[in-house]
Amino acid sequence: MARTIITYGTFDLFHIGHLNILRRLKEQCDRLIVGVSTDEFNQIKGKKPIVPFEQRIEIVRSIRYVDEAIPEENWDQKRSDIEKHNVDAFAIGEDWKGKFDDLEDIVEVIYLPRTDGISTTELKRILSSFDARKVNELKESLDTLSRIVEELG
């Protein structure tokens, strides 16, 4: 019997941690469905993605481990998606541990460990520290370094 797993996420600033989760899930199933949070739903969750929804879902759809990508528009959708797509397991990152145990009455719930050293939140924190002044300072430093390398060469 074919096994179907569903997972959800924003998948903003797609990185190796996202890819690792999708690869690990695909190793456990025949069919992987990925719900990608819409911009409107992210706003409700207090998140502001950098990459627009249409691009994020297209990126997820293009990954070979993903069999189907669907929009995630609200919290309650998970239960109806599980039933609609005949899902065997619901999986999500362990940072959500315990939050979806109520789904155990209809599906196996799996909490996956995160990839060490990478998170979208951390990437955004680093990027937010760059303002126009810092970028100009960095450019000037690189220009200086280039002149020094030329003089030494």
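A quick note: this is a predicted structure, and the numbers were derived from the prediction, not measured. Numbers here simply count residues along the sequence, with the first being 1.
- When Val36, Val34, Ile6 are each tested for a side chain to side chain contact (heavy atoms under 4.5 Å, CB included) with Ile70, only one passes: Ile6.
- With sequence neighbours left out, the ring pair (Phe, Tyr, Trp, His ring centres under 6.0 Å) criterion links Phe41 to Trp75.
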Would you mind writing out the side-chain donor-acceptor pairs for residues 51-58 within the sub-3.5 Å range, not counting sequence neighbours?
residue	atom	partner	partner atom	Å
Arg56	NE	Val51	O	2.8
Arg56	NH1	Thr10	O	2.6
Arg56	NH1	Ser37	O	2.9
Arg56	NH2	Ser37	O	3.1
Arg56	NH2	Asp39	OD1	2.7

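- Within 6.0 Å of the CD atom in Glu108, the count of heavy atoms belonging to other residues, nucleotides or ligands exceeds 12.
- Between Thr4 and Asn86 there is no side-chain heavy-atom pair separated by less than 4.5 Å.
- Judged as a side-chain contact (heavy atoms from CB on, under 4.5 Å), and not counting sequence neighbours, the contacts of Thr144 are Arg147, Ile148.
- With sequence neighbours left out, Gln28 forms a side chain to side chain donor-acceptor pair (under 3.5 Å) with no residue at all.
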Compile the donor-acceptor pairs under 3.5 Å between side chains in residues 89-99 and protein atoms, sequence neighbours left out, one pair per line.
residue	atom	partner	partner atom	Å
Asp95	OD1	Arg114	NH1	3.4
Asp95	OD2	Arg114	NH1	3.1

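- Between Asp88 and Ala2, the shortest heavy-atom distance links the atoms OD2-O, 3.5 Å.
- Using a 4.5 Å heavy-atom cutoff, the side chains of Asn42 and Asp12 are not in contact.
- Aromatic ring pairs are classed by plane angle as parallel below 30°, tilted from 30° to 60° and perpendicular above 60°; the pair Phe14 and Phe11 is parallel.
- Hydrophobic clustering, with ILVMFWY side chains joined whenever heavy atoms are under 4.5 angstrom apart, keeps Ile5 apart from Val107.
- Ile21 and Leu32 fall within a single hydrophobic cluster, where Ile, Leu, Val, Met, Phe, Trp and Tyr side chains are chained together by heavy-atom contacts under 4.5 Å.
- Gln77 pairs by the side chain to side chain donor-acceptor pair (under 3.5 Å) definition with Asp81, not counting sequence neighbours.
- Hydrophobic clustering, with ILVMFWY side chains joined whenever heavy atoms are under 4.5 angstrom apart, keeps Tyr8 apart from Leu22.
- Annotation: salt bridge (charged side-chain N to carboxylate O under 4.0 Å, His left out) contacts of Glu40 (sequence neighbours excluded): none.
- A distance-only check finds no donor-acceptor pair linking the side chain of His85 to the backbone of Val87 [under 3.5 Å].
- Applying the salt bridge (Lys or Arg N to Asp or Glu O under 4.0 Å) test to pairs two or more places apart or on separate chains, those with a residue in residues 62-72 are Lys26-Asp67, Arg31-Glu68, Glu72-Lys78.
- Under the rule for a side chain to side chain donor-acceptor pair (under 3.5 Å), the partners of Asp101 that lie at least two apart in sequence or sit in another chain are Tyr111.
- By the criterion of side-chain heavy atoms lying less than 4.5 angstrom apart, applied directly or through intervening Ile, Leu, Val, Met, Phe, Trp or Tyr residues, Val66 is grouped together with Leu112 in one hydrophobic cluster.
- Taking the side chain as every heavy atom from C-beta outward, Ile110 and Thr7 never approach each other to under 4.5 Å.
- For Arg79, the side chain to side chain donor-acceptor pair (under 3.5 Å) test picks out Asp105, with sequence neighbours left out.
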